[in-house]
Q: 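Supplied in structure tokens, the structure appears directly below.
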Amino acid sequence: EVQLVESGGGLVQAGGSLRLSCAASGFTFDDYAIGWFRQAPGKEREGVSCISSSDGSTYYADSVKGRFTISSDNAKNTVYLQMNSLKPEDTAVYYCAAIESYGLGPRWGRSYEYDYWGQGTQVTVSS
């Protein structure tokens, strides 16, 4: 059974930090990239970041570059999203998802390309 389990969300003040984790199981981790998406109330789901388990390539949305860092521990089949300098506009439900890493490129930001999804974790940034 494929599982993606997010953790680490919570309430933080603006300027603070959180680290999200995504623990994956039930598929060949090295063949996939793991992406983070977020969805705020009334808004579309947007791609935040992605990392390829095979070659370590990373991708970021412009809105989080320089503030968020994605990393992967392949031995633990876990991907992390370190979020620093958080802003109220970062408030959303954050989801991790898995996509086959072959030919990833611009596909990383397309939610419909992803095969598996986690249940989401709430991140709330207060001003």
Side-chain angles (χ1 to χ4, degrees):
E1 178 189 6
V2 172
Q3 280 194 318
L4 292 168
V5 180
E6 303 98 335
S7 61
L11 174 64
V12 65
Q13 289 188 333
S17 299
L18 284 174
R19 189 177 81 154
L20 304 184
S21 299
C22 174
S25 61
F27 59 93
T28 305
F29 190 75
D30 290 349
D31 291 341
Y32 281 78
I34 302 295
W36 285 97
F37 287 77
R38 65 187 181 187
Q39 188 165 21
K43 294 189 177 181
E44 292 188 355
R45 189 170 296 190
E46 64 169 339
V48 174
S49 184
C50 184
I51 185 167
S52 172
S53 303
S54 60
D55 65 8
S57 298
T58 58
Y59 306 83
Y60 295 94
D62 287 344
S63 58
V64 306
K65 280 181 183 176
R67 300 189 298 122
F68 291 10
T69 302
I70 193 170
S71 61
S72 178
D73 185 338
N74 285 16
K76 295 182 178 180
N77 285 6
T78 299
V79 169
Y80 305 97
L81 185 68
Q82 178 66 44
M83 305 187 296
N84 298 330
S85 302
L86 283 161
K87 304 175 181 180
E89 51 263 44
D90 294 318
T91 295
V93 177
Y94 282 71
Y95 301 88
C96 67
I99 182 173
E100 290 190 17
S101 58
Y102 179 77
L104 182 61
R107 295 169 59 228
W108 83 265
R110 301 169 187 162
S111 60
Y112 58 85
E113 297 267 11
Y114 285 72
D115 298 313
Y116 311 117
W117 289 83
Q119 81 288 351
T121 186
Q122 176 70 45
V123 171
T124 303
V125 184
S126 63
S127 56

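By convention here, the first residue in the shown sequence is residue 1.
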Q: Under the 4.5 Å side-chain heavy-atom rule for ILVMFWY, direct or indirect, which residues accompany Val5?
A: none
Q: Quiz question: by atom type and distance under 3.5 Å, do the side chains of Thr28 and Asp30 form a donor-acceptor pair?
A: no
Q: Nearest 0.5 angstrom please: Tyr80 OH to Cys22 SG, how far?
A: 10.5 Å
Q: Tell me the closest heavy-atom pair linking Ser72 and Asn74, and the distance in Å.
A: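 Result for this residue pair: OG-OD1, 2.7 Å.
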Q: To the nearest 0.5 Å, what is the distance between OG (Ser126) and CD (Gln13)?
A: 5.0 Å
Q: Output the rest of the hydrophobic cluster of Leu4: all Ile, Leu, Val, Met, Phe, Trp and Tyr residues reachable through side-chain heavy-atom contacts under 4.5 Å, sorted by chain and number.
A: Val2, Val12, Leu18, Leu20, Phe27, Phe29, Tyr32, Ile34, Trp36, Val48, Ile51, Tyr60, Val64, Phe68, Ile70, Val79, Leu81, Met83, Leu86, Tyr94, Tyr116, Val123, Val125
Q: Return yes if some donor-acceptor pair links the side-chain N/O of Glu6 with the main-chain N/O of Gly120 below 3.5 Å, else return no.
A: yes
Q: Output all residues satisfying ring-ring contact (aromatic ring centres under 6.0 Å, His included) with Tyr114, sequence neighbours left out; order by chain, then residue number.
A: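 Tyr114: ring-ring contact (aromatic ring centres under 6.0 Å, His included) contacts with Phe37, Trp117.
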Q: Can you tell me if Ser54 uses its side chain to pair, donor with acceptor, with the backbone of Ser52 under 3.5 Å?
A: no
Q: Just checking, any donor-acceptor pair under 3.5 angstrom between side chains of Asn84 and Ser17?
A: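 There is such a pair (donor and acceptor under 3.5 Å, judged by atom type) between the side chains of Asn84 and Ser17.
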Q: Counting distance only, does the side-chain N/O of Ser53 pair as donor-acceptor with the main-chain N or O of Ala33 below 3.5 Å?
A: no
Q: Taking the side chain from Arg107 and the backbone from Glu100, do they hold a donor-acceptor pair closer than 3.5 Å?
A: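 It does hold such a pair.
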Q: What pair of heavy atoms forms the shortest contact from Gly47 to Ala61, and how long is it?
A: O-CB, 3.4 Å
Q: State whether the side chain of Gln122 and the backbone N or O of Gly10 hold a donor-acceptor pair below 3.5 Å, judged by distance alone.
A: no
Q: So how far is it from Asp115 CG to Glu113 CD, rounded to the nearest 0.5 Å?
A: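 Here the interatomic distance stands at 9.0 Å.
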Q: Got a second to check how far Arg110's CZ is from Cys50's SG, nearest 0.5 Å?
A: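 Between atom CZ of Arg110 and atom SG of Cys50 there are 12.5 Å.
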Q: Thinking salt bridges, do Lys87 and Asp90 make one under a 4.0 Å N-O criterion?
A: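 Asp90 and Lys87: not salt-bridged.
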Q: Between OH of Tyr95 and CZ of Arg38, what distance do you get to the nearest 0.5 Å?
A: 13.5 Å
